Amino acid sequence: MIGSRPVRVGAAGALAAGLVLAAWVARAGHHELARTPAPDGARVYLIALSDGATVSSPLTVRFGLVGMGVAPAGVLNPKTGHHHLIIDAPTPAAGVPIPNDQNHRHFGGGQTEVELELAPGPHTLQLVLGDHVHLPNDPPITSERIRITVE
């Protein structure tokens with residue numbers, strides 16, 4: 001923040017900053033970057049989806065958040081972050097920016113739901129909250145990983 005106004009660098013700028021940070025970590029041999037503290041009691045969860053559910057595709061996945069607010073990537077504002085949906089992949093490492101690929105979907109615009117196309121068969125889903133440069137909080141704010149089956 002500058003004064004009482006949030007600092008905004010834009011989603012593209014935040015992604016670029018995250019990639020620069022990841023490259024710096026790799027080059028410098030550091031394993032973790034300074035992370036944004038997580039407020040006590042903050043949690044993310046998948047709304048109306050439960051472990052073991054059988055669903056059809058496309059499926060609407062809604063994101064829940066308690067104890068924090070949602071802000072777009074690039075906005076540095078206390079007690080805010082944005083969602084990342086982890087699909088069929090392990091929980092990302094805590095001290096580096098969350099990858100951006102088909103298994104690590106970024107919602108840097110502040111979105112709280114997605115229409116998701118998944119192939120038939122078993123899948124796992126997990127939410128991870130990221131800060132303004134896509135770093136998980138300290139400690140990480142993650143949902144339970146759930147297993148679903150697409151018909």
Side-chain angles (χ1 to χ4, degrees), residues 1-19 21-22 25 31-118 122-151:
M1 287 185 100
I2 298 176
S4 62
R5 294 178 42 214
V7 175
R8 184 174 180 85
V9 295
L15 182 56
L19 294 173
L21 288 171
V25 166
H31 299 288
E32 290 203 5
L33 298 169
R35 299 184 331 209
T36 305
D40 289 339
R43 65 183 183 93
V44 292
Y45 58 97
L46 295 162
I47 298 172
L49 264 179
S50 57
D51 191 41
T54 298
V55 298
S56 57
S57 186
L59 109 114
T60 300
V61 180
R62 292 183 176 87
F63 317 143
L65 177 62
V66 173
M68 290 182 70
V70 174
V75 173
L76 177 57
N77 213 356
K79 297 183 182 177
T80 65
H82 64 279
H83 297 286
H84 298 82
L85 182 61
I86 312 306
I87 305 166
D88 299 331
T91 304
V96 295
I98 298 165
N100 187 11
D101 56 35
Q102 287 301 309
N103 298 98
H104 304 85
R105 305 276 181 93
H106 286 235
F107 296 93
Q111 304 94 317
T112 57
E113 69 178 45
V114 63
E115 189 84 2
L116 193 60
E117 295 266 352
L118 292 172
H123 296 278
T124 61
L125 301 175
Q126 182 181 34
L127 283 176
V128 177
L129 201 69
D131 69 8
H132 61 291
V133 292
H134 308 283
L135 281 171
N137 293 81
D138 185 16
I141 302 169
T142 63
S143 71
E144 292 185 30
R145 181 186 329 277
I146 65 165
R147 292 167 288 124
I148 60 170
T149 302
V150 176
E151 298 180 304

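What you see is a predicted model; the values in this text were computed from it and never measured.
Residues Thr36 and Leu135 are not in side-chain contact: their nearest non-hydrogen atoms beyond the backbone lie 4.5 Å or more apart. You'll find the side chain of Glu151 stays beyond 4.5 Å of the side chain of Val55, heavy atoms only. Contact of the Pro136 side chain with the His84 side chain is not registered, since no non-hydrogen atoms from C-beta on lie closer than 4.5 Å. Using a 4.5 Å cut-off on side-chain heavy atoms (C-beta onward), Leu127 and Thr142 make no contact.
Thr80 pairs by the side-chain contact (heavy atoms from CB on, under 4.5 Å) definition with Ala71, Asn77, not counting sequence neighbours.
Counted within 6.0 Å of CD on Glu113, heavy atoms from surrounding residues, nucleotides or ligands total more than 12; the atom is thus considered enclosed.
Closest approach of Ala42 to Ile141, counting heavy atoms only: CB-CD1, 3.8 Å. Residues Pro139 and Ala38 share a closest heavy-atom pair of O-CB, 3.4 Å. Residues Pro92 and Val128 come closest through the heavy atom pair CD-CG2, 4.0 Å. Nearest approach of Ile148 to Ser50, heavy atoms of both residues: CG2-O, 4.3 Å. Looking at every heavy atom in both residues, Asn103 comes nearest to Ala89 through CB-CB, 3.9 Å. Taking both residues in full, the closest heavy atoms of Ile98 and His104 are given as CG2-CB, 4.3 Å, listed atom of the first, atom of the second, then distance.
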All N/O donor-acceptor pairs, side-chain side in residues 63-70, below 3.5 Å, sequence neighbours left out:
none

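Annotation: the span from Arg62 atom CZ to Leu46 atom CG amounts to 12.0 Å, rounded to 0.5 Å. Rounding to the nearest 0.5 Å places CD of Gln126 at 10.0 Å from CD1 of Ile146. Summarising the geometry, atom CD1 belonging to Ile87 is positioned 7.5 Å from atom CD belonging to Gln102; distances are rounded to the nearest 0.5 Å. One distance of note links OG1 of Thr124 with CZ of Arg147; it measures 9.5 Å at 0.5 Å rounding.
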| task | Please step through side-chain contact (heavy atoms from CB on, under 4.5 Å) for the pair Val75 and His132, ending with a clear verdict. | result | CA-CA 5 Å; Val75 173; His132 61 291; 5.7 Å; no
| field | Working for side-chain contact (heavy atoms from CB on, under 4.5 Å), residues His134 and His82 | value | CA-CA 8 Å; His134 308 283; His82 64 279; 3.0 Å; yes
| request: For Thr91 and Ile86, run side-chain contact (heavy atoms from CB on, under 4.5 Å): C-alpha distance rounded to whole Å, both residues' side-chain angles, the deciding distance at 0.1 Å, then the answer. | output: CA-CA 7 Å; Thr91 304; Ile86 312 306; over 6 Å; no
| Yes or no on side-chain contact (heavy atoms from CB on, under 4.5 Å) for His83 and Val114, after CA distance, side-chain angles and deciding distance? | CA-CA 11 Å; His83 297 286; Val114 63; over 6 Å; no
